[in-house]
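What follows is one structure encoded as structure tokens, with my remarks underneath.
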Amino acid sequence: MRILVAFGTRPEIIKLGPVYRALREAGAHVDVFWSGQHIDLADGLLDLFEINLTHSGTGVMQEPSLAGKFALITQQMQSLLGSGQYDWVVVQGDTMTAAAGALAAFLNHVPVAHIEAGLRTGTLHSPWPEEFNRRLITIASTLHFAPTERSRDNLLREGVQNDQVSVVGNTAVDALLHARSRLASGYVPIDREIANLPPDRKLVLATLHRRENIGAPLNEILEALRELADDGDKLILLPVHPNPDIRAQVVRALGEWPNIRLLKPLQYTDFVYLLSRSWTVVTDSGGVQEEAPTFGLRILITRESTERPEVVEAGFGTLVGSNRDAITAAVRRLTSSDAPQLLPARNPFGDGEASRRIAERIFSLEQLQQAAE
């Protein structure tokens with residue numbers, strides 16, 4: 001069986017890395033198409049998961065518009081799928097690469113396996129364009145690997161057949177546990193600034209990259225971080241996303257501010273190390289919502305809605321939007337004691353076995369189809 005795995009961003013590599021390994025261990029021939037959406041953020045990830053790039057996209061980041069990026073990725077995927085050499089295409093999440101890859105596969109009659117299927121906010125423009133992308137991928141997919149029961153129910157309400165949906169957990173947990181195993185043996189961070197963090201400060205990790213927050217909402221969030229830094233007992237750590245609009249806004253608001261460290265994009269193991277040391281996280285990231293519960297971390301979600309409501313229901317996450325007062329009050333509450341206020345509960349997004357379940361399901365369906373022929 002020949003499988004093409006398509007990804008373009010750092011989160012996709014993280015979440016598809018364990019799937020790539022599981023498919024190869026199960027005996028599949030696995031090729032990889034990388035569109036290169038996050039070239040600067042991919043350092044170390046391919047080595048961490050022992051991924052061999054087979055095909056690399058070209059010119060995607062030079063396209064100024066989202067429509068241009070989508071068209072170029074679709075065209076480059078077409079050049080791979082038109083020959084009919086692949087039995088499956090595997091995509092993850094809700095990126096441009098995933099949506100374009102799923103569409104190209106559908107138009108070439110290649111079945112699509114969608115990892116992290118069924119996430120919904122119910123609002124087409126929040127997050128944008130991810131909510132649209134994930135709905136498009138659903139229409140094009142043959143197998144839907146939902147991380148939770150709620151995600152499965154979303155798919156069933158939209159008319160997806162029950163036998164096409166498997167609840168497997170989220171592969172982000174698989175990746176996190178793989179990376180955390182490296183931390184257990186005296187890990188020394190790659191980034192010197194991370195390696196030399198003061199041991200007596202309450203670390204608050206922030207990750208901000210959503211397009212819909214650029215402008216006034218992001219300004220409010222950054223002002224909250226400045227106010228928290230002025231408390232004196234906390235150190236705010238913010239890996240700055242390479243998006244030039246976000247970078248410019250962050251540097252303008254927080255550059256050289258006391259008790260705030262603006263970091264370059266981190267290698268994944270360094271990021272996991274920071275999660276293990278943080279008291280709380282201020283984030284608009286979907287992946288962090290899945291990762292932080294493994295460490296018992298309570299997080300503040302700087303969005304108006306989340307397609308991962310399980311993190312809120314389990315007590316790990318709180319939606320604070322871009323409300324400056326809500327952010328500062330919540331961080332101060334979570335850093336008010338002498339030790340991090342960790343939540344001793346199960347991560348609602350999985351147990352680390354999602355990738356194995358995905359590989360088994362793809363192989364079992366392929367065997368059934370071959371028997372039917």
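Residue numbers start at 1 and run along the sequence shown. All of these numbers come straight from a predicted model, not from anything done at the bench.
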Please name the pair of heavy atoms, one in [X] and one in [Y], separated by the smallest distance, quoted to 0.1 Å.
X: Val60; Y: Ser35; value: CG2-O, 3.5 Å
X: Phe316; Y: Ala345; value: CZ-O, 3.6 Å
X: Ile73; Y: Ala100; value: CG2-CB, 3.6 Å
X: Ser322; Y: Ile327; value: C-CD1, 4.3 Å
X: Val112; Y: Ala105; value: CG2-CB, 3.5 Å
X: Pro293; Y: Val311; value: CG-CG2, 4.1 Å

May I ask you to decide whether [X] forms a salt bridge with [Y], counting only side-chain N to carboxylate O separations under 4.0 Å?
X: Arg192; Y: Asp270; value: no
X: Arg356; Y: Glu25; value: no
X: Glu360; Y: Arg357; value: no
X: Glu12; Y: Lys15; value: no

Can you tell me how far the [atom1] atom of [X] sits from the [atom2] atom of [Y], to the nearest 0.5 Å?
X: Thr335; Y: Lys234; atom1: OG1; atom2: NZ; answer: 3.5 Å
X: Glu290; Y: Asn170; atom1: CD; atom2: CG; answer: 4.0 Å
X: Leu334; Y: Thr280; atom1: CG; atom2: OG1; answer: 4.5 Å
X: Leu237; Y: Ser278; atom1: CG; atom2: OG; answer: 6.5 Å
X: Thr74; Y: Met96; atom1: OG1; atom2: CE; answer: 9.5 Å
X: Asp233; Y: Arg201; atom1: CG; atom2: CZ; answer: 7.5 Å

I want to check something: taking the side chain as every heavy atom from C-beta on, are [X] and [Y] in contact at a cut-off of under 4.5 Å?
X: Thr171; Y: Ile358; result: yes
X: Asp284; Y: His209; result: yes
X: Phe132; Y: Asp94; result: no
X: Phe349; Y: Arg308; result: yes
X: Phe271; Y: Thr207; result: yes
X: Ile139; Y: Arg135; result: no
X: Val32; Y: Asn52; result: no
X: Glu291; Y: Thr283; result: no

According to a hydrophobic-cluster definition based on side-chain heavy atoms being under 4.5 Å apart (Ile, Leu, Val, Met, Phe, Trp, Tyr only), do [X] and [Y] belong together?
X: Leu208; Y: Val240; answer: yes
X: Phe145; Y: Leu119; answer: no
X: Val167; Y: Phe363; answer: no
X: Leu136; Y: Leu155; answer: no
X: Leu124; Y: Leu103; answer: yes

Indicate yes or no for a side-chain donor-acceptor contact from [X] to the backbone of [Y] under 3.5 Å, with no hydrogens or angles considered.
X: Gln249; Y: Gly215; answer: yes
X: Thr328; Y: Arg324; answer: yes
X: Arg303; Y: Leu319; answer: no
X: Gln289; Y: Ser285; answer: yes
X: Asn259; Y: Leu235; answer: no
X: Ser79; Y: Gln76; answer: yes
X: Asp174; Y: Ala354; answer: yes
X: His144; Y: Ser166; answer: no

Check against side-chain contact (heavy atoms from CB on, under 4.5 Å), Leu143 and Arg361: CA-CA 9 Å; Leu143 287 180; Arg361 179 71 178 98; 3.9 Å; yes
Candidate pair Thr318 and Val312, rule side-chain contact (heavy atoms from CB on, under 4.5 Å), full reasoning: CA-CA 6 Å; Thr318 302; Val312 177; over 6 Å; no
Worked check of side-chain hydrogen bond (donor to acceptor under 3.5 Å, both in side chains) between Asn323 and Glu220: CA-CA 7 Å; Asn323 188 305; Glu220 287 293 306; over 6 Å; no
Glu63 vs Lys69, salt bridge (Lys or Arg N to Asp or Glu O under 4.0 Å): CA-CA, chis, key distance, verdict: CA-CA 6 Å; Glu63 285 290 332; Lys69 288 180 173 62; over 6 Å; no
Worked check of side-chain contact (heavy atoms from CB on, under 4.5 Å) between Leu228 and Val204: CA-CA 9 Å; Leu228 290 164; Val204 176; 5.6 Å; no
Passing option when His178 is tested against Tyr268, Phe49, Tyr20 for ring pair (Phe, Tyr, Trp, His ring centres under 6.0 Å): Phe49
Step-by-step side-chain contact (heavy atoms from CB on, under 4.5 Å) determination, Trp34 to Ile13: CA-CA 9 Å; Trp34 183 31; Ile13 302 174; 4.3 Å; yes
In terms of side-chain heavy atoms, does [X] have a donor or acceptor partner in [Y] at a distance below 3.5 Å?
X: Arg210; Y: Asn213; value: no
X: Tyr86; Y: Asn108; value: no
X: Tyr273; Y: Asp191; value: no
X: Thr142; Y: Gln164; value: no
X: Ser141; Y: Thr138; value: no
X: Thr121; Y: Glu307; value: no
X: Glu116; Y: Gln92; value: yes

Residues Glu212, Ser126; criterion side-chain hydrogen bond (donor to acceptor under 3.5 Å, both in side chains); working and verdict: CA-CA 8 Å; Glu212 62 266 29; Ser126 178; 4.7 Å; no
Identified side-chain contact (heavy atoms from CB on, under 4.5 Å) partner of Phe7 from the options Val19, Ile51, Thr95, Leu45: Ile51
Worked verdict on Lys264 versus Glu193 for salt bridge (Lys or Arg N to Asp or Glu O under 4.0 Å): CA-CA 10 Å; Lys264 63 183 180 182; Glu193 194 161 8; over 6 Å; no
Cation-pi, Phe295 ring and Arg277 (6.0 angstrom, 45 degrees): no
